[in-house]
Amino acid sequence: MDKKNALRAGALAAGTTLMMLLMSSPALALARDDGDDPGSGLSVIDTLGLYVAAPIVLFAVIAGLVMVLDKSKDREPKAKAKA
C-alpha cells in the first residue's frame, strides 16, 4: 500500500512541476507591457553589494545590537557549591 501512495505522490509532484514549467514560459517576458520603463542594469559590484554584502552587514549589525543590549543575567557562570 505504501508503494501505491508513493507512486501517486510522485506522479502528482511531477505533474505539478511540469504544469508550472509550461505555464511560466520565459517567452512571455519578451513582450513589453504598456508603461513598462525598466532602468539601467546593475553592474557586478552593485549586484554583489546589494544582494551579498548588504544582508551580511545588516545581519552583523542586528546580531551585535542584540549581544550588546542583552541585559539578562542567566548566562553568567554559576558558582560551584562547596560540599
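Residue numbers count from 1 along this sequence.
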Participant: At their closest point, which heavy atom of Leu50 faces which heavy atom of Ala54, and how far apart are they?
Facilitator: O-CB, 3.7 Å

Participant: In terms of hydrophobic clusters joined by side-chain contacts under 4.5 Å, are Met67 and Val61 together?
Facilitator: no

Participant: Quick one: pull up CG in Leu21 and OG1 in Thr16 and give me the separation to the nearest 0.5 Å.
Facilitator: 11.0 Å

Participant: For Leu18, is the CG atom crowded, meaning more than 12 foreign heavy atoms sit under 6.0 Å from it?
Facilitator: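 It does: Leu18 CG has more than 12 such atoms within range.
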
Participant: With a 4.5 Å heavy-atom cut-off, do Asp46 and Ser43 have their side chains touching?
Facilitator: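 Yes, close enough: below the 4.5 Å cut-off.
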
Participant: With rounding to the nearest 0.5 Å, note down the distance linking CG in Leu65 to CG in Asp70.
Facilitator: 12.0 Å

Participant: For the CG atom of Leu22 and the OG1 atom of Thr17, what is their distance to the nearest 0.5 Å?
Facilitator: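 Here the rounded value is 11.0 Å.
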
Participant: With hydrophobic residues grouped by side-chain heavy-atom distances under 4.5 Å, do Ile56 and Leu48 end up in a single group?
Facilitator: yes

